[in-house]
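See below for the structure under consideration.
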2 protein chains.
Amino acid sequence: MSSELTPLQKRVLDFITECIQDRGVPPTVREIGKRCKIGAPSSVAYHIKQLESKGFLKHEGSISRGLTLPEDADPSRLPVLGRVGAGNGIIAQEDIEGHLRVDPDSARRGDFVLRVRGDSMTGAGILEGDFIQVRPAETARDKQLVVAVTEDDAEGVVKRLRKRGASWQLESENPNYGPITERFRVVGLVVGLIRNYT
Amino acid sequence: MSSELTPLQKRVLDFITECIQDRGVPPTVREIGKRCKIGAPSSVAYHIKQLESKGFLKHEGSISRGLTLPEDADPSRLPVLGRVGAGNGIIAQEDIEGHLRVDPDSARRGDFVLRVRGDSMTGAGILEGDFIQVRPAETARDKQLVVAVTEDDAEGVVKRLRKRGASWQLESENPNYGPITERFRVVGLVVGLIRNYT
DNA sequence: CAGTATACTGTACAGATGTTCAGTTGTCAA
DNA sequence: TTGACAACTGAACATCTGTACAGTATACTG
């Protein structure tokens, strides 16, 4: 695969990212060279071309400091999914309904957002229409809020994982709903919630 | 006051903001001049100096494109307040405990964030420790969620505003708490909620 | 009127900057 | 060894870029 980075390319990319985020201004080729121990500006240009062709960087014409990161390089910009897939890749491109920006301190690469349907979790303060931030995971501990898929419902549900005796089940937090005892698979942990009052 | 902008200065600042947000790279003095019909680069430098001295812009040394916006120019970066003041200015600098970034589409300039204390609003899906996004306002409509201050408690409470007969009162959404019927003043509307599960 | 402050223009210049191009080095396969 | 290829170096160059400086025009003040 051509989308792998050499250690040096990674260092270059990291430095560019650092400059943009911390200083607000992208670096020049010579600044990159100085920091990453690359002697010639043309050599840096070479790496930039590599990074650009691999999709890690955008390079605007030949203007000074014309380096930007592609939008999806920002880990705090999370995709809002209409459903979670049951397949191996949780995030299917066709299910992305939009994007939501969250605080960078509470986001990790890979997180995604799901819109809550139904009122089965009102007891946990999760209302219909809320957005929940989910961190992909295949296991969870007792009493954690999880997103799971069952064989019936491959769309994904938000429930509390509970151990009852020897077996695990998914419980709602609304007396009108019973637990899910059929086979299920945890796909992620609920790590945050965003609600908008119109 | 020296913090007012002339129309031209505003156009310059708007263009710089546009470049940074849309293109990712700040403009050069000549790019600004071209767009804002300022003939001489030195004249643009003059305006930049003005904008910088008024605090609307940061200007890094004499490096190319060394223009950045001060952090508090970002309307999606909201201050987290420990309490809301009862005075004329709601946001007192000394009460700012930190900052929280929210989605730009749901933020407006002036919004702030308050950490919820107590469980009086659990019925509305607002739990202790949640962050609520507040938009300053002095009036609100029936049934809206508001932040208000009373004479006893100048710290600020989150309640639902209700009209009961001829008078208004603040109601909790937890059967263990009664309504607040004493004099109060609305300071803002609840427009969003952010919760982090650790 | 003279004096002053603001908001410019025009020009010049040193240094920064992206790019090109002709080579060089090291690795790996045949 | 030879050839191919990726990863560089070094030097040169045309432009881009921020800044300095010497003025100009206008409005306002006393």
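Both backbone and side-chain heavy atoms feed into the values below; hydrogens, waters and symmetry mates do not. Predicted model only: the values in this text are computed from it and were never measured. Order of the sequence lines fixes the chain letters, A, B, ..., with proteins taken first and strands second; residue numbering starts at 1 for each chain.
Residues from residues 63-71 of chain B placing a heavy atom under 4.0 Å of any atom in DNA chain C, listed by number, are B:S64. A heavy-atom distance below 4.0 Å to DNA chain C is reached by these residues of residues 22-31 of chain A, ordered by number: A:T28, A:V29, A:R30.
Summarising the geometry, the separation between NE2 on B:H47 and P on D:dG18 is reported as 16 Å, rounded to the nearest angstrom. For the pair A:E60 CD and C:dT19 P, the interatomic distance rounds to 12 Å; values are reported in whole Å. Separating the CD1 atom of A:I32 from the P atom of C:dG18 is a distance of 8 Å, rounded to the nearest angstrom. Whole-Å rounding puts the B:L57 CG to D:dG18 C1' distance at 15 Å. The separation between B:I38 atom CD1 and D:dG18 atom P is 14 Å, rounded to whole Å. Per the geometry, CD1 belonging to B:I48 stands 11 Å off C1' belonging to D:dT17, to the nearest Å.
Clustering of Ile, Leu, Val, Met, Phe, Trp and Tyr side chains at separations under 4.5 Å places A:F131 together with A:L78, A:V80, A:L100, A:V102, A:V113, A:I194. Connectivity analysis of hydrophobic side chains (ILVMFWY, heavy atoms under 4.5 Å, direct or indirect) links A:I63 to nothing; its cluster partners are none.
In this structure, CG in A:L145 is found 9.5 Å from CG in A:L189, a value given to the nearest 0.5 Å.
Comparing B:G39 and B:S62 against DNA chain C, the residue whose closest nucleotide sits nearer the 5' end is B:G39.
For the salt bridge (charged side-chain N to carboxylate O under 4.0 Å, His left out) condition, the pairs that include at least one residue of residues 35-53 of chain A, sequence neighbours left out, are A:E18-A:R35.
In this structure A:R108 satisfies the side chain to side chain donor-acceptor pair (under 3.5 Å) test with no other residue, sequence neighbours excluded. A search for side chain to side chain contact (heavy atoms under 4.5 Å, CB included) contacts involving B:R164 returns B:R162, B:Q169, B:E171, not counting sequence neighbours. Every side chain to side chain donor-acceptor pair (under 3.5 Å) that B:N176 has, sequence neighbours left out, goes to B:N174. Taking B:D74 as the reference, B:S76, B:R77, B:R101 meet the side chain to side chain contact (heavy atoms under 4.5 Å, CB included) condition, with sequence neighbours excluded. Evaluation of the salt bridge (Lys or Arg N to Asp or Glu O under 4.0 Å) rule for A:K58 yields no partner, not counting sequence neighbours. Here B:D103 pairs with nothing under the salt bridge (Lys or Arg N to Asp or Glu O under 4.0 Å) rule; sequence neighbours left out.
For the OP1/OP2 pair of D:dA7 and a distance below 4.0 Å, the side-chain nitrogens and oxygens of A:Y46 include at least one atom meeting the criterion. In terms of phosphate contacts, A:S43 brings no side-chain nitrogen or oxygen within less than 4.0 Å of OP1 or OP2 of D:dA7.
Defined by atom type and a distance below 3.5 Å, a donor-acceptor pair is missing between the side-chain atoms of B:T150 and B:R183.
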Task: Footprint string (nucleotides 20-29 of chain D, 5' to 3'): B base within contact, S backbone only, - free, heavy atoms under 4.0 Å - done: BB--------

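Residue A:A45 is classed as having no contact, given no heavy-atom separation below 4.0 Å to the nucleic acid. Contacts of B:G33 with the nucleic acid, taken as non-hydrogen atoms under 4.0 Å apart, are absent.
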